[in-house]
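Here's the structure we're looking at; comments come further down.
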Amino acid sequence: MNARRTDLALEAHALFRAAQRDNAVDGLTLTERTRRGCAVTTVTVESETASRALGKPRGTYVTLDLRALSPEDPAYTERASLALRDELRALLGHAVDTALVVGLGNRAMTPDVIGPRAADHVPATRHLKSCAAFGALADVSVLTPGVLGTTGLEAAELVRGAVETVRPDLVVAVDALASQSLGRVCATVQLTDAGIVPGSGVGNHRRALTRETLGVPVLAVGVPTVVDAATLALDLLDEAGADLPDPAALRGQGSVMVTPRDIDARAEQLARIVGFGVGLALQPSLSLSELRALID
């Protein structure tokens, strides 16, 4: 399974099933349904055996597939945002009074801008709570910690400091991921209550953001923006029915990531969808137009 690289639990589950030819693993379940016309797949990892099998921490992983919606549809952003909002609310299970939204990633690297740009579309309301007109809103803070190479600080260090100051009920961390399939790039969103390791999408693992490291629940929202080149090559050869080479030979001396040529536009579009979806999930009293007005 490790020959093909993916951050999506849905794909890891499929790879495990293909390798084992058996889905009977204690503590590992997969369910499928639809949400506003979009396919939704939930992978639940409840045991250490299942965690080792998939290479994923224990938790619930929800994959929202947006490919049934047309990006050319004028209502695409709204429909996708509302579907994401609904899934986030279902995963949360209850309203949140205080939250910290963290946009992970590097604004200077296009495939890695999902986190920071999504954070731009989540209204910060913590400073508005003293005004009676905003009393019904949840207390939301927004942080874009940057990356170690430009700040000299681990994102986890800055987030931990913010958590100690804000004392939120929940941290929502948004980051870019790597997919096995090029078709899922900028077309799916993964939600999980297992937290996240910043930089994992491009093989630059940093300190984890989890309940254990921060002391509060962490809900991670990830969007695949890249595909590992060796993984893509293996998939293409497999689809063609060719004999598969040694994966190590395909990787050569390092890792190469593949991204669509229009990644700028697609990342910006998905960042808006994720930002709106997160904002609406945390502010159930707001409509999309009201949320946009707060941002503007």
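Only this structure's heavy atoms are used, side chains among them; waters, hydrogens and symmetry mates stay out.
- Closest approach of Val197 and Asp175 over heavy atoms only: O-OD2, 4.4 Å.
- Within a 6.0 Å radius of CZ in Arg58, more than 12 heavy atoms belonging to other residues, nucleotides or ligands are found.
- In terms of modelled atom types and a separation under 3.5 Å, the side chain of Asp228 and the main chain of Thr231 share a donor-acceptor contact.
- The distance from atom CD of Glu78 to atom CD1 of Ile273, rounded to the nearest 0.5 Å, is 11.5 Å.
- Between atom CZ of residue Arg126 and atom CG of residue Leu100 there is a gap of 9.5 Å, rounded to the nearest 0.5 Å.
- A distance of 6.5 Å separates OG1 of Thr188 from CG of Asp65, quoted to the nearest 0.5 Å.
- Within the 4.5 Å cutoff, no side-chain heavy atoms of Arg4 are placed close to those of Glu11.
- Within the structure, ring-ring contact (aromatic ring centres under 6.0 Å, His included) contacts touching residues 148-176 (residues at least two apart or in different chains) do not occur.
- Side chains of Leu177 and Gln190 form a contact here, defined as non-hydrogen atoms less than 4.5 Å apart.
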(request) Test Leu88 against Leu91 for side-chain contact (heavy atoms from CB on, under 4.5 Å), laying out the working first. (result) CA-CA 5 Å; Leu88 282 166; Leu91 190 58; 5.5 Å; no

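- Cluster annotation: Val102 and Val189 are assigned to distinct hydrophobic clusters (Ile/Leu/Val/Met/Phe/Trp/Tyr, side-chain heavy-atom contacts under 4.5 Å, transitive).
- Around the CZ atom of Arg167, the shell of radius 6.0 Å holds no more than 12 heavy atoms that belong to other residues, nucleotides or ligands.
- Taking OG1 of Thr44 as the start and NE2 of His13 as the end, the distance is 9.5 Å to the nearest 0.5 Å.
- Under a hydrophobic clustering in which Ile, Leu, Val, Met, Phe, Trp and Tyr are joined whenever their side-chain heavy atoms come within less than 4.5 Å, directly or via other members, Leu288 and Val274 fall into different clusters.
- The cluster map of Ile, Leu, Val, Met, Phe, Trp and Tyr, joined by side-chain heavy atoms under 4.5 Å apart, puts Val96 and Val101 in the same cluster.
- Scanning both residues, Phe134 and Leu128, for their nearest heavy atoms gives CB-O, 3.7 Å.
- Taking all atoms of both residues into account, the shortest heavy-atom contact from Val226 to Met257 is CG2-CE, 3.5 Å.
- Between Glu268 and Arg272 there is a salt bridge, since a side-chain N of the basic residue sits under 4.0 Å from a carboxylate O of the acidic one.
- Linking ILVMFWY residues whenever their side-chain heavy atoms come closer than 4.5 Å, directly or via other members, leaves Val221 and Val218 in distinct clusters.
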(request) Might you work through the side-chain contact (heavy atoms from CB on, under 4.5 Å) test for Thr110 and Thr259, ending with a clear yes or no? (result) CA-CA 10 Å; Thr110 304; Thr259 196; over 6 Å; no

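- A donor-acceptor distance shorter than 3.5 angstrom exists from the side chain of Thr192 to the backbone of Thr60, with no hydrogens or angles considered.
- Contact annotation: the side chain of Val122 never approaches that of Val174 to less than 4.5 Å [non-hydrogen atoms, C-beta and beyond].
- Of the options Leu84, Leu64, Thr63, a side-chain contact (heavy atoms from CB on, under 4.5 Å) to Leu191 is made by Leu84 and by none of the others.
- Considering only residues two or more places apart in sequence or on other chains, Asp86 meets the salt bridge (Lys or Arg N to Asp or Glu O under 4.0 Å) condition with Arg36.
- In this structure, the side chains of Ser181 and Val227 stay at 4.5 Å or more apart for every pair of heavy atoms.
- Side chains of Asp7 and Pro224 form no contact here, defined as non-hydrogen atoms less than 4.5 Å apart.
- Under the 3.5 Å distance criterion, the side-chain polar atoms of Arg33 are left unmatched by any main-chain donor or acceptor of Thr42.
- Here the CD atom belonging to Glu48 is positioned 13.0 Å from the CG atom belonging to Asp26, to the nearest 0.5 angstrom.
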Contacts under 3.5 angstrom, residues 135-151 side chains, donor-acceptor by atom type, not counting sequence neighbours:
residue	atom	partner	partner atom	Å
Thr150	OG1	Val147	O	3.1
Thr151	OG1	Val147	O	3.1
Thr151	OG1	Leu153	N	3.1
Thr151	OG1	Leu153	O	3.0

(request) Show the numbers, then the answer: is there a side-chain contact (heavy atoms from CB on, under 4.5 Å) between Val45 and Leu28? (result) CA-CA 5 Å; Val45 182; Leu28 178 62; 4.2 Å; yes

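- The line from CZ of Arg107 to CZ of Arg117 is 7.5 Å long, rounded to the nearest 0.5 Å.
- Of all heavy-atom pairs spanning Ala176 and Asp112, the tightest one is CB-OD1, 3.9 Å.
- The closest side-chain heavy-atom distance from Thr34 to Val40 is not below 4.5 Å.
- Looking at heavy atoms from C-beta onward, Thr225 lies in side-chain contact with Ile114 at the 4.5 angstrom threshold.
- The shortest side-chain heavy-atom distance between Val25 and Leu54 does not fall under the 4.5 Å cut-off.
- Of all heavy-atom pairs spanning Glu290 and Ser285, the tightest one is OE1-O, 3.8 Å.
- Side-chain contact check for Ser47 and Thr49: no donor-acceptor pair (N or O, by modelled atom type) lies under 3.5 Å.
- Residue Leu104 is not grouped with residue Leu170 when hydrophobic side chains (ILVMFWY) are merged at heavy-atom distances under 4.5 angstrom, including chains of intermediate members.
- The two residues Thr41 and Leu10 come nearest to each other via the heavy atoms CG2-CD1, 3.5 Å.
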(request) Could you please spell out the steps behind the side-chain contact (heavy atoms from CB on, under 4.5 Å) verdict for Arg292 and Phe276? (result) CA-CA 8 Å; Arg292 280 175 158 163; Phe276 293 157; 3.5 Å; yes

